[in-house]
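By convention in this document, chain letters (A, B, ...) are assigned in the order of the sequence lines, proteins followed by strands, and residues within each chain are numbered from 1. Model, not experiment: these values are computed from the prediction.
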Amino acid sequence: MTFPALTALTLLPVAAAAVLLLLPQSSSKLPRVIAAALSLLILACTLLLWVRFDHTSGALQFQERHAWIPALHVEYRLAIDGLGLIMLLLTAIVVPIGIAASWRTKKRSSLYFALVFLLQACMFGTFTALNFFHWFIFWELSLIPAFFLIRLWGGKLAGPAATQFLVYTMVGSVTMLLSFLAIYLATGTFDFIELAGRGDSFLPGVAANLGWQHVNPQHLALVLFAGVFLGFAVKVPLIPFHTWLPAAYSEAPSGVTAILTGAMSKMGVYGFLRILLPIFAPQIHKLQTPLLWISIATIVLSAFAALAQKDLKRIFAYSSINHLGYCLLAAFALVRTSDAALLPEQYAAFSGILLQVLSHAITAATIFWFISLLENRSAGTRLLTDFGGLRRIAPVFAGLMGIALFSSLGLPGLNGFPGEFLIFKGTFPLVPWAASISVLGLLITAVFILGVIQKVFTGPLQPERAVFPDLTSGERVSFAPVVALMFVLGLYPQLVLGALNSTVISYVHQLRF
Amino acid sequence: MTGLQAYLLLSSLLFAIGLAGALTRRNAILVLIGIELMLNAANINFIAFWHYGPATTYITGVMFAIFSISVAAAEAAVGLAIIVAAYRHSHTIDLDSMNSLKG
Amino acid sequence: MTWIVRYVCLIPALPMLAAGISALLPQRSRKPAAGLAIVSMAASFALALCAFAAALSNPSPQVFNFSWLQFGDQTLALGWLLDPLTAVMLVMVTFVGLLIFIYSTGYMEHDENFTRFFCFLALFAGGMLGVIIANSLLLLFMCWEIVGLTSYLLIGFWYQNPRAAAAAKKAFITTRIGDLGFLIGMVWLYAQAHTLLFYDSGRGALEAGAVSHLAVTTTIYGLTLSSAIGLLIFCGAMGKSGQVPLHVWLPDAMEGPTPVSALIHAATMVAAGVFLIARIYPLMSAHGVEVVTPTIALQVVTWVGAITALFGATVAVAQWDIKRILAYSTVSQLGYMMIGLGVGGPAVGMFHLITHAFFKALLFLGAGSVIHGCSGEQDIRRMGGLRKYMPLTFLTYGIGMLALSGFPLVVSGFWSKDAILYSAHHWSVSQLPFYIASLGALLTAFYMTRQVCYVFFGTLRLPGHGPVSHSEPDSEDTRHHGAGHPHESPAVMTAPLAILAFFAFALGFLGTPLWPWFQSFLNGDHSVAAEHEPGLVATMAASSVIALLGIFLGWLLYGRQSIATCEAPDVLERAQPQTFRVLHQAYFIDAIYDATFVRLTRWTAKLADLLDRFLFHGIVQAISFGVLGLAWVDSFVDNYVVNFGFDSSWRSISMGGRAMAALQGGRVQAYLRYIGLALVALVLYLLWGVAR
């Protein structure tokens with residue numbers, strides 16, 4: 001039997017959490033060092049997985065398939081293709097960054113880091129599961145460590161923010177659960193691959209299978225689609241289901257925000273790509289215009305809202321919504337046409353989504369890492385008006401954060417650009433009007449990011465900030481690989497795309513509507 | 001009136017007197033006397049029916065009566081022992097005041 | 001292919017490498033940083049000369065393409081190319097850049113961020129050279145953005161000055177607006193031509209196959225695809241090259257150090273837009289088989305250029321800051337280059353670009369020298385009579401001024417501007433650009449004369465000859481030069497001035513009608529034949545008259561009587577104060593933009609925030625209140641209905657039980673009575689029941 005790599009990978013963070021929980025509660029330095037080391041170990045294992053991944057095949061790899069609950073047609077099925085692989089990779093990269101951003105966590109740090117690892121385990125589980133039952137367990141389970149992380153170590157309004165986050169996401173999950181139960185009752189399977197492979201005819205057949213004769217099957221299919229859509233739309237999030245995010249991201253400790261924005265939001269995107277698009281493609285095709293408008297609103301409105309914020313974390317919370325809006329724009333555009341002439345554009349759009357997801361994870365997590373350093377050095381303040389002229393006394397900090405900020409802006413040469421370019425390149429021929437309106441998001445992003453740079457780093461130095469130490473050598477050493485990665489991915493994205501191309505081709509071909 | 005009827009009338013009279021005594025008297029000993037009367041009324045019934053019943057060599061009625069008398073004696077002894085114990089406890093044999101088993 | 005074509009990528013790579021290394025150097029290693037930058041630039045210049053030689057021998061585009069990334073089964077390729085256009089730009093940028101780098105070692109000597117300065121300069125050079133050699137519109141765009149980044153970093157170099165920081169942000173945002181159009185045009189081109197490579201053995205986007213396809217297909221408003229895409233890409237050029245209405249960042253960019261203004265905002269970066277249009281000229285000029293007039297795209301380019309040329313010239317007349325005059329002059333000249341491109345083709349526009357690069361850089365560096373010598377003063381009203389104190393600067397500046405004004409025959413500016421005027425005169429669509437350009441030329445000569453009179457002639461008006469800085473509070477000159485007479489700048493600053501002056505004079509002779517070497521080279525002709533077009537001499541005469549008239553008018557108003565004091569109003573200001581004010585404020589365009597677009601953006605941001613807080617969050621709040629209400633109802637029902645019902649029912653049971661318990665009095669006789677009664681009742685029942 002082949003080594004169950006995916007199960008092992010999912011259990012590794014659980015083991016790490018156990019190790020951390022066994023540490024004595026009193027020590028404050030030891031947990032973070034151990035957590036950092038373990039997270040890097042997990043990253044190394046994920047990279048090992050990457051290396052072992054067969055780049056030439058778009059099929060599912062590292063598959064583990066065992067019977068689990070035959071009465072419910074629930075199998076224990078794990079596998080990844082390029083999409084899952086990139087999600088695992090970005091989670092493995094983001095967690096060390098989040099741990100580094102939490103370096104100064106004082107109280108109950110071993111519990112904190114243990115919860116972080118549990119969160120990582122749940123995310124790994126979500127990205128590898130192929131059966132709804134199993135997938136849903138991890139999906140819901142991930143909310144618990146996140147809730148506690150926000151609630152117990154967060155800011156003043158952490159309680160309401162955490163509760164809102166939990167309940168809002170759960171509402172979406174409930175509708176998703178109901179839809180899938182209906183599908184299960186109709187088709188007898190929870191397996192994503194099987195459901196995707198059943199062709200576009202099964203959804204209208206759900207009504208017939210359920211025995212609900214008086215319900216219009218097309219309408220029922222749309223209702224089921226709406227249920228599943230809501231679950232993912234809350235997670236990504238899409239406007240108008242996003243109001244939990246600014247509060248949750250700004251009240252959570254910056255390290256947790258780094259992980260939330262870097263990896264947890266990608267769970268929503270993954271859900272769209274793995275579940276919603278393959279299974280519900282005909283419904284998306286029917287509803288394409290409203291869905292495109294939702295993604296345009298997500299891109300443009302969130303950028304404008306970011307411009308109006310004064311709190312650094314809220315700015316980048318909205319920026320996170322904006323960046324993922326591009327992914328959703330491309331995802332909805334993918335279901336535009338079956339015209340073979342537009343296949344290259346669909347390839348480009350999907351490749352762009354994968355690149356953008358990875359690059360946003362790295363960039364956003366790094367920015368929140370920088371914000372955590374800002375908070376630590378400035379006694380907790382995060383308002384734009386509290387800073388100014390920091391470039392004078394902390395030039396290295398300004399330089400490195402500037403690189404991360406420009407990457408977020410989509411400057412060519414850094415990792416933010418290839419994904420965005422491919423998304424626009426793919427989306428424009430498919431839905432020109434949507435792409436043209438969405439470029440406004442690029443402009444407004446530039447406005448608020450430059451505004452951040454202007455208000456934080458340039459201008460006269462505020463007297464309260466006169467003591468602002470620059471990055472220590474340890475911090476410089478930690479930042480160096482991440483910043484280098486930004487350059488590498490910006491200049492040579494083929495490094496990542498090379499592994500994903502086969503998946504891109506097979507995924508696009510699979511979309512049938 | 002036949003002989004049997006007269007005896008039955010006597011026993012019912014005795015029973016009624018005994019019942020009235022048992023139900024209404026406050027003194028516990030008098031209640032016991034009433035109960036004795038009732039038992040003896042039943043005895044008279046037994047003998048009467050035995051005597052005026054179909055002639056037989058079996059002295060069934062007499063046996064019943066003897067049984068009944070012995071049981072009545074035993075019961076009277078036990079009853080009196082209870083009354084003495086109750087008197088030792090509460091210094092009265094007034095039945096109206098012995099209601100501690102009230103629900 | 002020759003080795004140089006393969007290695008032409010080194011030309012931008014070397015400065016970028018220098019930038020990367022200097023970025024890691026600490027602040028105190030000034031000599032290494034400057035040395036790296038200068039050496040890399042010199043090496044790039046040498047390579048550029050080799051490239052030039054290669055292009056001389058083979059004028060057709062030579063390319064080197066490679067695959068950058070793959071998506072699905074498609075490949076996205078990038079590449080670089082070498083053709084005459086590339087070659088001339090390479091030589092110009094590396095040469096002018098090298099001179100300015102050397103100049104900067106003197107100018108920025110006392111600045112504490114010296115190392116960073118050279119790092120950014122080198123990065124800029126790498127980016128700009130990358131734009132030039134790019135054979136792919138995507139690679140061009142990427143280097144274009146890098147150039148924009150370095151412009152941002154360099155304009156905001158004195159970052160503690162809030163005005164500089166704001167100007168840098170304004171530059172980036174304004175150019176990004178243009179870049180949005182560029183991006184859309186780029187993805188559209190990719191979708192239609194299936195490649196972004198310019199030249200790719202016949203498959204390229206600028207080669208016959210793609211261009212003819214794009215030229216015949218029409219899209220919205222009846223535009224051909226080629227024109228539509230060309231216009232979108234022109235949006236990017238408008239941003240970078242400061243065409244109206246995206247010109248507003250250029251004058252504010254003067255907040256940056258003067259070498260930056262010279263290199264980036266005069267000679268090279270702003271020229272990138274012109275270069276871009278020249279590069280995609282086959283696309284912009286492609287028309288379908290039937291149409292003979294110039295394409296819509298080229299017409300738009302011409303008109304925008306004309307408006308910009310006139311705009312810049314009129315505003316420059318009313319400025320007081322020495323650098324702002326030059327900035328608006330640059331705006332105006334960029335308009336000229338666009339006119340040249342639109343009416344005459346790449347050769348005409350590029351010729352002016354090359355000559356302009358030299359004399360504008362010269363003028364800016366000269367202005368820098370003046371500012372340096374006046375210890376930071378930038379207001380021309382506070383200068384005067386400087387020709388006595390700074391003779392070399394005066395001489396070179398004068399040559400630059402004559403070149404810009406188009407003084408007949410001896411300066412390069414005359415020949416390049418004349419070429420534009422000639423082509424405009426022979427434009428088939430309209431003569432209006434010609435008249436606008438001529439008026440602009442008049443104004444150019446006029447305002448340059450005005451500037452020179454104010455600065456170099458007359459009496460010295462520097463207040464107390466001391467360090468007074470009017471508009472550059474953080475200029476390093478004020479910190480390091482104490483009181484004293486204005487002085488000439490050191491050799492490291494004046495030598496580049498001299499070299500540039502020489503070229504400002506000599507370069508023109510490469511493109512005279514008698515020997516139009518430049519034009520032939522760009523057009524790919526091997527033979528250089530003198531032009532014998534009608535009206536050539538007439539145009540030359542006309543442009544000479546215009547230039548001389550402008551200079552004369554300037555001298556008349558400003559040179560005849562020296563300006564007495566700093567506070568004396570300008571002659572024009574006295575005559576027409578309102579008009580002067582409008583011109584001084586550049587037609588209040590900045591204020592208009594602020595009141596409209598900027599305010600609109602702020603309002604939209606606030607609206608988005610309010611939408612979020614009250615509408616979206618409000619709906620969530622409403623739903624949660626609804627749920628809470630349901631919970632309250634549920635709790636109410638629980639407490640008062642269910643509980644109450646339950647409680648009252650057990651109470652009644654309890655009462656019933658109590659009633660039943662009353663039967664048990666504990667009195668034996670009572671029990672006996674009940675037994676007796678029951679017995680009687682039973683007997684009666686049996687008697688009667690049986691009887692019935």
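Taking the six-membered ring for Trp and thresholds of 30 and 60 degrees, A:Phe421 and C:Tyr190 have nearly parallel ring planes, at less than 30 degrees apart.
At a 4.5 Å heavy-atom cutoff, A:Phe448 makes no contact with chain C through either its backbone or its side chain. Contact of A:Ala435 with chain C is not made at all, since no heavy-atom distance falls under 4.5 Å. Of the two parts of A:Tyr168, only the side chain, counted from C-beta on, holds a non-hydrogen atom closer than 4.5 Å to a non-hydrogen atom of chain C. In this structure, the portion of C:Leu196 lying under 4.5 Å from any heavy atom of chain A is its side chain and not its backbone. Proximity to chain A is limited to the side chain of C:Leu138, based on heavy atoms less than 4.5 angstrom apart. Only the side chain of A:Leu422 comes within less than 4.5 Å of a heavy atom of chain C; its backbone N, CA, C and O stay farther away. For C:Lys606, the part lying near chain A is the backbone, with the side chain staying farther off; criterion is any non-hydrogen pair under 4.5 Å. Heavy-atom distances place the side chain of A:Tyr318, and not its backbone, under 4.5 Å from chain C. Residue A:Leu343 does not touch chain C at all, counting heavy-atom pairs closer than 4.5 Å. In this structure, the portions of C:Ile173 lying under 4.5 Å from any heavy atom of chain A include both its backbone and its side chain. For C:Arg602, no part lies under 4.5 angstrom from a heavy atom of chain A. Looking at A:Phe424, both its backbone and its side chain come within 4.5 Å of chain C, counting heavy atoms on both sides. Neither the backbone nor the side chain of C:Ala168 comes within less than 4.5 Å of any heavy atom in chain A. Residue C:Ser624 does not touch chain A at all, counting heavy-atom pairs closer than 4.5 Å. Residue C:Leu610 does not touch chain A at all, counting heavy-atom pairs closer than 4.5 Å. Residue A:Arg476: no heavy atom, backbone or side chain, is found under 4.5 Å from chain C. For a residue to count as touching a neighbouring chain, one of its non-hydrogen atoms must lie under 4.5 Å from one of that chain's; by this rule A:Leu342 does not touch chain C. Residue C:Leu615 does not touch chain A at all, counting heavy-atom pairs closer than 4.5 Å.
The two atoms that bring A:Gln164 and C:Val620 nearest to each other are NE2-CG1, 4.0 Å, heavy atoms only. Here the closest heavy-atom approach between residue C:Ala166 and residue A:Gln454 is recorded as CA-NE2, 3.4 Å. Nearest heavy atom pair, residue C:Tyr159 against residue A:Thr458, reads O-CB, 3.4 Å.
In this structure, CG in A:Leu442 is found 10.0 Å from CG in C:Asp179, a value given to the nearest 0.5 Å.
Put simply, the side chain of C:Trp68 gets close to the backbone of A:Leu491: a donor and an acceptor are under 3.5 Å apart.
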Pair C:Phe172-A:Ile453, side-chain contact (heavy atoms from CB on, under 4.5 Å): steps then yes or no: CA-CA 12 Å; C:Phe172 196 91; A:Ile453 296 181; over 6 Å; no
Derivation and outcome, side-chain contact (heavy atoms from CB on, under 4.5 Å), residues A:Leu500 and C:Phe71: CA-CA 8 Å; A:Leu500 302 175; C:Phe71 50 95; over 6 Å; no
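Contact of the C:Arg176 side chain with the A:Leu409 side chain is registered, since non-hydrogen atoms from C-beta on lie closer than 4.5 Å.
Residue pairs meeting the ring-ring contact (aromatic ring centres under 6.0 Å, His included) criterion with at least one member in residues 602-630 of chain C, sequence neighbours excluded: A:His242-C:Phe616.
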